Structures are given as C-alpha cells and as structure tokens.
Amino acid sequence: MAQYLFIHVLINGFELQFRLGPTLQGKNVHVHTNYPAEGERFERHKFRVLDWINPTGREDDSDKFCTLDLKISGSYQYYFGHGDKEKSGGGYIVVDPVLRVGADNHVLPLDCISIQTYLSKCLGPLDEWLDRLQVSKETGYNMIHFTPLQTLGESRSCYSLADQLELNPDFSPPGQTYTWTDAGNLVEKMKNEWNMLCITDVVYNHTAANSKWIKKHPECGYNLVNSPHLKPAWVLDRALWHVTCAIAEGKYEDKGLPALIQNHEHLHAIRGVLWQDVFPKIKLWEFFQIKVEPTVEQFRTLLQNGAKPDRSKTEGKQQLKIIQDPQYRRFGNTVDMNSALETFVPHGNSPGAIEDCCNWLKRRLEEINGSNVYIRRELICWGDSVKLRYGNGPEDCPYLWAHMQKYTEITAKHFVGVRLDNCHSTPLHVAETMLAAARSVRPNLYVIAELFTGSELIDNVFVNRLGITSLIREAMSAGDSHEEGRLVYRYGGEPVGAFLQPSLRPLVPSIAHAMFLDVTHDNECPIQIRSVYDSLPSSAIVSMACCATGSTRGYDELISVVTEERFYSKWNPQAKPSSPGEVNLQSGINAGKLALSRLHQELASKGFNQVFVDQVDEDIVAVTRHCPSTHQSVVAVCRTAFKNPKHHRYTDEVPPMCIPGKIEEVVLEARTVERQAVSYKKDERSINGIPGYTVEIKEHIQLKDSKVVRQAGVTSRGRSEYVQEILFEQLTPGSVIAFRVSLDPKSQELVGVLRNHLIQFNPLYKAGSLPDPNTPDILKSPLTQIMSKMTLADMNMLLFRCDAEEKEDGGGCYNIPGWKPLKYGGLQGLLSVMADIRPKNDLGHPFCDNLRQGDWMIDYVSNRLISRGGTQAEVGQWFQAMFAYLKHIPRYLIPCYFDAILVGAYTTALDVTFKQMSSFVQNGSSFVKLLALGSVQMCAVGRFPALPPLSPALNDVPYRVNEITKQKEQCCVSLAAGLPHFSAGIFRCWGRDTFIALRGLMLVTGRHLEARNIILAFAGTLRHGLIPNLLGEGVGARFNCRDAVWWWLQCIQDYCTMVPNGTDILQCPVSRMYPTDDSKPLTAGTVDQLLYEVIHEAMERHMQGIEFRERNAGPQIDRNMRDEGKPLTMSYEEWDRKIQQNFEKMFYVSQNPNDPNEKHPELVHKRGIYKDSYGASSPWCDYQLRPNFPIAMVVAPELFTVEHAWEALNIVEEKLLGPLGMKTLDPDDMVYCGVYDNSLDNDNYNLAKGFNYHQGPEWLWPIGYFLRAKLYFAKKLGKDTYDKTVYLVKNVLSRHYVHMERSSWKGLPELTNENGQYCSFSCETQAWSLAAVLEVLHDL
C-alpha cells in the first residue's frame, strides 16, 4: 500500500532516472516498468526491464542509472528487485498530459485552465448551444466541462444515464437527429475558433434504473442470484418499504406516528416500530445462524468413529470456525468440523465423555446463535440508479466491460478530457482499464476527479493508479477568508524568492495538481450560503491561485443551478438587465470574471509561479503572484463578504498596505454594487440570475485614477528597497483591487544585469537578463578562466578551511547570530547549509534572515579572498563585482541570487579542481570525486609553514614572501590529520596520519609534486632511525610512534611504483635537521643527503636494533606515556632471516588446539585469526582480535596463506565490521569498551581520560585495508567469491557515500562509537578515513 501513498508527478518531456540507494549498492538490481518502449502500445500488465547506464564504465558503478524519456501521459508503475527477489519495492509515476488548443495547436498549460461547468440538459437543442456557450467565451473561460451528454434516465438526474452510447435525444429538435459526430464537430469548432477545450464526465458506477440494456443483461447489476450475500439486505429493504407504505396510509397513528413526519418524537416512534414490529418478524439473524442439533449429531458421529483433527489445517489453534453459507439461506451456516475436533476434545472414549463433549459444543453453538448480529449497509444507492457489478475482470461480466469500454472510447474520441464521476466509489481496477482504453484513443487525456475519501493519502492512491491530472478543490468549503487564502497557498506555486532548483534533482513527493473552483456544480452558490457580495472577492482569490481554476455556470450570474431543468441564458451584448433568457457583461459579476480570467491566464502563461498569501485582517486577503525571471508581481487585495453587509457591521478602518517595488498600474479594481432594476422574477424557460446587482469595474488605470486607494508616499527601507504605502479609501466588502508591481527601475536594471552574468552557469537565467553597459573588467572573462589559474592549494582556501585554520590567518568562520558558525570559511561552509535550505525553499531559515538583514555574509565571502592576494584575490574581486549588483536589489530576493552566485562559483571551482587531478578522479564516479575533494580539504598552505624547510638544492619548491619578515620562505602544502582538532599549529601534522593518508589523498589523486615534498620534509626530521609522530614543524618533533617510519617507507615505495619516473625521488636531496641523535635542529641546507641514504640509515638503525630514551617524554601530549620514554628494540638481521619462513607459524592462530607452534594455548579465545603482535610483554595482548592484520595483508599479501587469510577476514567481518568503521577490539574481549569519552574523569583506569581510544571505538581507516584485503584474496578464490565480495565492498562503501553527502563537513570522521554512533570527541573529517576509502575504489 505504501507505494500508492506518495504522488510523483512529472511533466511530459522530462527524463526520469532511477538510481541506487545505499542499501542496494553492489546488488544485482533490476528495474521493471510498464511505461511502453518507443513505438509500442501501453499495456498495464506488460512490464519490461530497463537497462543500466554506467557513466564511468568502471566497477565502481555507484553513479549508474536507468532512464525513461517521458513522452506519453498517464499513470505508470515501476518496481525493482535484486538477486532472486522479483519485487523489493516500487511505486507509481504520473505523467501530465500536454493540452493543445486553437487552430495553431498551441499548448495550454495546466495552470492556465479556467473551466466552467454546464449542466448539459440545460443547454437545449444542439444548434442553440453556441449561443449559450458563448457566455463562457465572453467571460474569459478557456475550458468547458459538460455533465454527461448521454440519454438520461427517467429521474432526469444529470448522472443517471439510460444509455451510455447514445447522445441525449433532447439535443435534437423536431425533424432533426444529432449524433456524436455533430457534438464532436461543435467541440472541434470551439477548440479552433474560440480557443476553448471541452471535457465531460464518465460515469462507471451505476446506470439508470430504466436502462433497457440492464434488463437484457441482469448479470451487470447486483441481484439475489449473482449476489446471494444481499439476501438479508433485500429482506430488510422490502420490510422498510412495506412499513413506509403502512405509515403513509396512517396505519400507525395509534402508535403516535402520523403519515407526515415532522419532529423528533415522530423519529423516536419510527425507531419503536422498527424494533417492535419489523425486526422481530424478519429475523435477519437467521441468515447467519447454524442448525444446532444436526451439527451436534454430525460431531457426535465423528467422535464415535475416533476422528482426529487434521493439524496441517488447524495449525494447532483451538478456535471454532463457522463457515458462512455462500447462498445465505436461513440457518445455512455450518461448522468446520476439523476446528471443532481441535477445540472440543473428550476426556476419554466412553459414551459419557463423548456426551459431555457434545453438550459443550451445543452450548457454544447456542451462544453463537444468540450473539448480536450487525448488518452494516455499505451500499449507498439512489432510487433512480442501479449499481453496476463488474466483478474482478471482463471474464466476470463480459457485456458490461465491453459496453463501458465502447462508451469510454466514444467519449475520448470527442473530448480532450474526462471527469471521473463518483470516483471514490468506482472500483479502481475498472477505472484503470477504462482510462487505459481512453488513452489509447487520446494519449494526452486530461483526467480530473473530485474525491471524498477524507484522507489525502487515500486520494493519492486514486491519483497514482488512475493518473488523475487534477483533483477538484472548492473554495466554498472554506469557512472564512483565512481558510480561503490558505487553500490558495496550499494548491500551487513556490514561495516568493524561491531558490532555483538544479535541473537534475531528486524526485520528491508532491500534492496532486489542483483544479480550484469557487463552487462546484453540485453545491449551492454563495448567494445562498454567504452573501451576494462575496461572489466577486472569493472568485478573485480563486483566480489568483497558481493552478487550474474555474466555476460553474450560474455562479457569475448570481444564481444556483443545482436542481435546474430550465435552459441557460444566451449571450447578447445589448441585453437589458431584465431581458429574459439573455446575459452580457453587465449581468451579475460577468465583467469581473472576464478580467479575472484574463489575469489568471496571463499569470500562468508568463511564469508568475511564486505565491505569497497575506491575511491582512479577518476579511481581507492579499494574494501576490510573482515572476522569478522578470521579478514583476501582481498583488490582488480582496475584501470578502461572507456575511451580508446590509445586516452585518463591517469596519470602515482598513489597515494601510506596503507594496514593495513600483506600482506600474492598477490591473483592475472592481466591486459588486446594487443597481436600479426590476425585482427578481423567475423566468419559466430560462435560468435567470438576480438582476439587481452588477460589477463596477475599471481596468488598467493609473494609481492616481483609482477610487479604491490612494498612494500615501514612497519610502525606502535601505538601498533599493522601495516601498509604496497604499491607503484604502473605498475597499468595501465585495471589492477587489489588483496592482501590477515592478522592481524600481534601478533594481530592475541591476537584477537583469546580474542574471546576464549568471547565464554562464545556467541558461535559465537568460529570461529577464539585460546586457551590462558598464561591465567591470573582472566580469568580462568567464569565471572558469579566472579560476583556471588557481592551484589546488588555492582551492583549499576558496572552498574549505575550518575555524582553527581561519583563526591562524587572523580571521574565523562566519557566525550567524542566533544560530551557529559555519563549518568552513570557504564556499563549502555556505553551500552545506544552502543544500538543506534550497530543496525545501526554507526562506525562514536564520541563514536567509541574515542575508536579508544586511551585507555581512556577502562581504565576508569576497573580502576573505581579496585579503589573500594573487589569484585568490581575483576570484574575490569577481565575487565583489557580482555582489555589487546583489546589494542593490530588494532584500527578499537576496537569498536566491546569493545562492545562484555561490552555486555557479562552487560548481566552476569543482570543475577546475578535478581537471588538475588524475584521470582516475576526472573519469571517476561522484563518490570518487567527493572523496578526492578530501585532498583539497586536508592539503593546505597555512600562514605559518607546517613542514620543516626542504633542501635549497631541491627543484620545484614553492616560495612566497613572508608578510612580517619580508623574507622569502617556502610554502609547501602540508596534510592535516583531521578537522577541526588537528588542523592548525603544531597539532596539524602527524607522521603516522600523514603517511597512512598520503597514498589515497595525494598519489591516487595525482598530486605527485606535493607528495614528494611532504615525503622529503619528514625525511629531514629522521632521528634514532624513526620518523616523528607529531611533527611540530620539525623542531618540536615527537618520536613516540613505532610505525610512522614504516608508513613513510611504504609511501616511498608507492611513490616509486605509482608516479611516472617515481624512482627519481630516491636521488632527491634531503636537508637533515638531526644528522645525529644528539644534534640541535639545523637550518636547511646545512647537511644534505640523498633520500636513498636516509632510507638506508632508517633500515640500518632497525637492523642494529633501536633503543633510546625520548627527549621531553611525558604526559603533555601522550597521556599514556611514562617519563622514561618508549624503548623500541628490533633486529633487522632476525627480521630478514625469519619473517618469510616464520610469519604464518608465529602469527596464525591455528584451528588445531594441539598446534606445536602455539606458546600459550591457554590464552587462545579465537581460532582462525592472526595475532595482533608476537611476544608482547603481556602475552594475552598477542591474542586480541583487532583490525590490524588486514593492513599487513594489503602491504605484503605474499606472507599469508590464501585459505587462512580468507577465514581470518571473515571472522573480522563478523566481529569487528561496523556501519562506518572497524571495532578496534573484539567485543568479546574483557576490556572492550566501544564508547570513547575523553572528558571522563573517574577511577576506571580502562576508561578514564579516553584510555579506551583503541579498545573498541570504531575507527574508519582500517575499513579501507579490510576491504582491500577482501578484494585481493577473493580474486584468488574464484569469480563467485569475488562477485560476492564486490557486493560487500559496494554495500559497505555506500554508507560512507551517504554519510559524506549528508555531512556538512563533506568528510568522513576519525572514528565512531560502537555500532556507528556519533562520537563528539572525534574529528568530523579525517584525512586517513577519506584516503582509505578512496584507495578501495581505486583498487576496484
């Protein structure tokens, strides 16, 4: 059912793409649809499989999609499955029809529709129709809705049809027989000559009681033969008929029930008669009862014969099952004996036990027979109609289905659309089939319906399955003007100042397109319900809605036509108010309706699709329609009159109104007035309205000529915020005034110029654009050209930089008062917020408020870049020039244009960025590009150099002039460990973090030179044969990490193999800061060595074994470090000789409990894994399951036996794999704690001060090595295993993709707490997390 509950409406000509959600990544997903392939006919039950398009052509197919080019209107279904599962989900899409009108066949947009309903029986002979229909043409309507044109039943109800296939003979005058062809010709003439389209009803639910065909085919209706379940209802109906006749004949007067029922006491008396005389006699309960004695005897016989229940049918449930007699005979129900045997079990086989059991059953059956039986009457029937019985399909009632299909095809041949009468009561499968037949005749069929389900979600089921284009909504349902205004806002348009949405965007559920009518043809008009004065203002409110609108004939002439049999009046421009049978623009509110219809159609055709509704006071509603390209508005102020001003005191005080911009003209001002005319006398032949009222109207006048308002003055609310204050002098109840408003001339010019400069980003800005006569030099070149001069380090400044980085430069991230600071100083900080605001058009967000209130954020963007100098300053000047236009347009437009400028600049920056990266990134998926942006995010040049200086003898080193010393200094890119905690100062660069991340963020992305410089800068700090963990710019280096040097060496190896001529790095000079262990830090160039010599020293020191006491050791940085330092001992000779021979023997924990290689079998608690260490000072640490051995599998897979490796990886997957990261310790371990809290200060040594950092929290970077190891060994195990592993990899990584897309940091965290829970002490985006995931995609 859920698939029906949301409406997805698409415009004819759109492309629909199906893309994989995160849970489907990597699965073999197949998408099916019944949308026909090109050149084929639509068949509802014929589905085809869509082909996948993979833009990258790579194994990483996260961007793949299926596509449909939507060119045929209607309702279509899709579903998807994966693997062996045929259906996993699905839904409906509704494609709107394209309506064409006029001799030139021009398009009539749905929001342009102004429709008027006619009761067809009141049109008279067909040759007089045009005279009567001309009233609609002359009052501005462009669509007619005819009630059914078929032969009516004897009741003369418009919807009780005697013959669905025959044109109503009433339309043919004596001596003439008109046919459907004649009716069709008239409809075609109106389309071509009057620019009017015609629709009519289809009635599938019932037929007239006197239909001849229903007598010949009684199977088409419900009767006691084909529907025996109606027997009780039929008996009740007959009884009620007889008692009704008896009451009418006065037979119950002695019981206080006269023939004429007049009050509540009579109703109580009727109830008494029903309870005392009717219900006891007809004994309805007998239709649902059982004959007790024969049933008990049947049960007794079964027990005596030793019968046992069939458990496969009862499932062991002790519940007596009553079987309803399908023929609904009195006492016809029976008992399912199987359930009786299960429920009533004798205590033995003796006759007494069997008798007791039978009595037990007998009592239960008597209870059931005696229980209350309710009959709910679900069929609402009319005395003049017969409900039709379709069954489940054509095979159940062939004649009815064929008859109704022919009726549908005749209708679709002659009319552009249909109204589904009584839609909510029509069986859905019937309407689906009939509409499919109609669309085969007329593909662009316009379908409307009025639903009375009481639930918007149930309405959506009908819209989806039937492809309903517009749902009828009614202004008369509003109890006051506030509700009427709310309906206008609800049923169409975007808010004024809405953001421009991207052309490729997620398809979000919408509400059904509305056909908003002031009154429908089956409801009384306001002259009965409200007051005659309300007809005009309520009609004006409806006409200002951004959807299809309309009325019913009679509303404009101030008369109700619900029960009419007379003919409509004809059009005569010269007719007098009292002329019988004739109307013109002076009749009723016709003149006002003409002006309003023209306005409605103009607004829709010219793109005034933004709406603002202002409830000025309890009776006055102001509706604004705004065009987002020209920024012209029309503001209609309507004073409703729900109560008659003659009897209700309305205030004379109308609050003044401020209209933003320049009032160009009063489009119309109108009010309902009384006039001298003859009093109303009902005409016998023609429907005539109240002659005593007309509309006083002026159109297209200047403000100074208005009688309703006067201008109080023009005020300015700041730069270019011009507002005209309007005072209302004669806005009487029943009045309407509409203004056409433009921006003031200067703002209009500047917004046009701004749009002209935005065309480079989106051609949609061409509408409303103006050439710039004084284009600043910086705007004469496309932004791409300016940005192409920027380096990736410049892009870091433009796009990112967290608060700590900004503060190091003397600034900070922009802080929105009353909300919060942005995550980045660069464009990403702004774009992350706008990405949430834009799709919802959340113009009330504090971000938008800040933009409207002042230029602070705007200036922040440009000034931040200008202050940097160089190319960054050029981009800043570009922003400054664009913002110069932005600052001089009305403040309510600033958020949408600020967004447009930033989105254009941001997408341009991304294009330029990716062009500077490797082909892997350039041709990669969106996910690859998103991860590659992490390289720009993390790699920066700060105000203070983070790396120690490189050798002066090294080529291609970037330099700059220091702002303070004015000396030349190196400005190499450094790699932050993570943001925001490890982004600036001495805590920015860490050896271990840098070299775990360097391959993914720098080598894979193609940043080879910058990677070289980082490798060489760290090489210069080698000491004790180690690379520092915390770099501290070299002078504050901390050598408290065993493996940073091995990650450094691994990066050099990767550099040599991945970079063209990569081995050249080995010959590069390295300036040694510490040429000996005891050296003071030396300046660059004092002692230089070639890199291969430094590598040799590191290896040699390890060969000799390393043992040293670290300087300044202590708890300042590493809380878990004691003052005596960390002794490291390792012999290269032992490593070289033994590692290849002994790795599996020493590290693999065998499944064999008697493995002779196992030193501590008593400590083993997981078998089939690899030890975390060998020979640890605490032996039990060796046996802890951690995600470390997959790293060794990636770096040196040759050390591992394939089968052992695969088994160990599966255990890691089962025990350690989390949603985003890997548990750093086996949850079965006694010291496991998955929640990291660095602020915890208690006596628990295992937790206090974040001691469990590596004891359970889920780190992200190890997941990259785990997945890469899985891929490597899966390939060794064959295609089936590899395919399953690829699915696992894609499925796991899809969660990272979703996290990154949703993250305002556009990154992946350092770690999460257990099961992927957010950890507030983690970096929000971490270099090695991004790098590790990117490397997996690179391996794919």
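For clarity, every value in this text was computed on a predicted model and none was experimentally measured. As a basis for the values below, the full set of heavy atoms in this structure was taken, side chains included, without hydrogen atoms, waters or symmetry mates. Count residues from 1 along the sequence.
Remark: Arg486 engages Glu483 in a salt bridge, criterion side-chain N to carboxylate O under 4.0 Å.
A search for side chain to side chain contact (heavy atoms under 4.5 Å, CB included) contacts involving Arg473 returns Asp459, Leu471, Tyr491, Ala514, Phe516, not counting sequence neighbours. Not counting sequence neighbours, the partners of Lys646 by the side chain to side chain contact (heavy atoms under 4.5 Å, CB included) test are Tyr533, Asn644, Glu674, Tyr693. Taking the ring pair (Phe, Tyr, Trp, His ring centres under 6.0 Å) definition, one finds that Trp129 meets it with Phe146, Phe171, sequence neighbours left out.
By the 30° and 60° cut-offs, the orientation of the rings of His403 relative to Tyr399 is parallel.
Taking both residues in full, the closest heavy atoms of Glu484 and Ala478 are given as N-CB, 3.7 Å, listed atom of the first, atom of the second, then distance. What you find for Asp111 and His600 is that their closest heavy atoms are O-NE2, 2.9 Å. Minimum heavy-atom separation, Asn584 to Ala575: ND2-O, 2.8 Å.
Legend: salt bridge (charged side-chain N to carboxylate O under 4.0 Å, His left out) pairs involving residues 205-215, not counting sequence neighbours: none detected. Within the structure, every pair that satisfies the salt bridge (charged side-chain N to carboxylate O under 4.0 Å, His left out) test and touches residues 115-129, not counting sequence neighbours, is listed here: Lys121-Glu565, Glu128-Arg132, Glu128-Lys570. Here salt bridge (charged side-chain N to carboxylate O under 4.0 Å, His left out) pairs that include residues 187-206, with residues two or more places apart or in two chains, are Lys189-Glu193, Asp201-Arg419.
Residues His521 and His145 bring their aromatic ring centres within 6.0 Å.
Ser735 and Gln730 form no side-chain donor-acceptor contact under 3.5 Å, judged by distance and modelled atom types alone.
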